[in-house]
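Counting starts at 1 for both ligands and their atoms, in listed order.
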Amino acid sequence: MKNLIALSLLLAQWVVSSSAASQQPLHDAALSSTSSLLELHKSLVEIPSISGSERNVSTFLIKYLESKNFTVKSQPVSETRENVLAYIGPSPKAMVLVTSHIDTVPPFWPYERKEDEIWGRAVESRLQSSEIAEGDVGLLFVVGEEKGGEGMKKVNDLRLSWESVIFGEPTELKLASGHKGGMGFTMKAKGKAGHSGYPELGKSATLMLVRALAALDGLDLPSSEKYGNTTVNIGRIEGGVAENVITEDASAIVSIKVAAGSPAEIKEVVEKAIYKSCPDIELAFTLGTGPISIDHDIDGFETAVMNYGTYISSLKGNHKRYLYGPGTILVAHSDHEHLSISDLEEAVEGYKTLILESLKT
Ligand SMILES: *[C@@H]1O[C@H](CO)[C@@H](O)[C@H](O)[C@H]1NC(C)=O
Ligand SMILES: *[C@@H]1O[C@H](CO)[C@@H](O)[C@H](O)[C@H]1NC(C)=O
Ligand SMILES: *[C@@H]1O[C@H](CO)[C@@H](O)[C@H](O)[C@H]1NC(C)=O
């Protein structure tokens with residue numbers, strides 16, 4: 001995900017270079033951005049920023065954006081974490097907001113020296129193209145996305161509004177037309193411990209759990225043409241102490257990607273099936289949302305539905321919402337997260353189109 005931060009900073013360079021905030025001639029700005037971009041990648045990749053310890057990255061972002069003549073405001077989310085908002089000029093009001101999140105799972109973004117030529121060209125061509133004015137574009141970096149999205153929720157306290165908000169997530173360079181909703185639940189089985197040789201004296205929590213989990217296989221859950229099937233993932237199971245002990249406690253965490261209907265309806269179906277197989281298991285649901293429709297009314301993009309949830313509905317307001325970015329979610333949480341340079345180039349172009357088209361409306 002750091003590639004998205006680096007991309008946002010590249011956009012920052014474009015925004016500021018296209019605006020009156022820069023005193024530098026365009027050509028010089030383009031040249032210096034080539035080497036500074038390489039530095040940028042390196043610095044970002046070297047700073048750890050797992051959820052909960054993003055401070056070092058935000059400190060870096062603030063310094064960097066200030067050096068580019070952005071006005072930068074940080075918003076504390078907790079004692080050690082902050083969102084970062086950047087804009088041109090004295091007012092945080094802007095037509096378009098581009099946002100990505102600061103926290104990451106460990107990234108791997110290899111790059112070679114030859115890339116700087118490509119980047120240099122990409123930036124330079126961009127700089128010559130358009131004028132961005134004060135009040136047009138703001139940049140927002142939020143913390144806490146990978147865990148609960150509390151950073152984005154906090155942004156509502158700023159009481160700002162935008163015409164359009166562009167959310168950076170890996171969409172394989174497609175403009176997302178929507179994404180599945182999400183909900184989840186935990187299952188807890190309480191048995192009675194005992195020696196495995198005397199099962200009649202105990203009650204196995206693992207057996208209860210297995211029966212309840214089996215009920216999830218082949219559930220009849222709602223589907224839709226746009227979003228496909230509602231899917232269930234048993235993400236984690238726990239229980240037991242040793243092979244000769246009847247298990248007293250067992251639990252599981254389950255998540256559901258919602259393709260149609262409401263979380264409340266799905267909860268009912270799930271509860272009914274589980275309680276039928278295992279009446280005395282304890283269920284605790286987090287209801288989440290149904291599918292989220294996303295604006296995709298800008299020409300020139302392939303569109304697609306995403307099967308993952310995002311924090312975009314945490315940001316309140318009547319703004320248009322766009323979800324776009326390079327890379328695929330299929331490797332986003334793995335150790336081979338990486339992007340090709342041509343994807344990055346296309347992404348910069350894509351963001352630029354989204355920004356400029358949003359400014360037109
Ligand atoms: C920022 O503004 C100052 C003063 O107006 C100017 O000297 C400087 O070149 C600008 N820096 C950038 C990166 O545009
Ligand atoms: C943040 O930076 C400081 C100073 O460079 C370093 O001591 C600290 O370990 C870093 N924190 C994390 C979470 O990496
Ligand atoms: C949805 O589920 C049905 C029945 O299990 C299956 O045949 C179909 O291929 C699934 N559709 C998608 C898009 O995965």
Undergrad: Assign the ring pair F167 / H319 to parallel, tilted or perpendicular, where the plane angle (0 to 90°) is split at 30° and 60°.
TA: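 If you compare the ring of F167 with that of H319, the planes turn out tilted.
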Undergrad: Using the salt bridge (Lys or Arg N to Asp or Glu O under 4.0 Å) rule, take E357 and K360 through it: C-alpha gap first, then chi angles, then the decisive distance, then the call.
TA: CA-CA 5 Å; E357 289 299 312; K360 275 188 201 163; 2.9 Å; yes
Undergrad: Answer yes when E248 and K192 have at least one side-chain N-carboxylate O distance shorter than 4.0 Å, and no when they do not.
TA: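 Result for this pair is no, no salt bridge flagged.
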Undergrad: Going by distance alone, is a donor N or O of one side chain under 3.5 Å from an acceptor N or O of the other, for E82 and S58?
TA: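 E82 vs S58: donor-acceptor pair found between side chains.
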Undergrad: Could you name the protein residues that come within less than 4.0 Å of ligand 3, counting only heavy atoms, and order them by chain and residue number?
TA: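 Lining ligand 3 at under 4.0 Å, by heavy atoms, one finds N229.
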Undergrad: Determine whether more than 12 heavy atoms belonging to other residues, nucleotides or ligands lie under 6.0 Å from atom CG of D299.
TA: no
Undergrad: Closer than 4.0 angstrom, basic N to acidic O: yes or no for K63 and E66?
TA: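 No salt bridge links K63 with E66.
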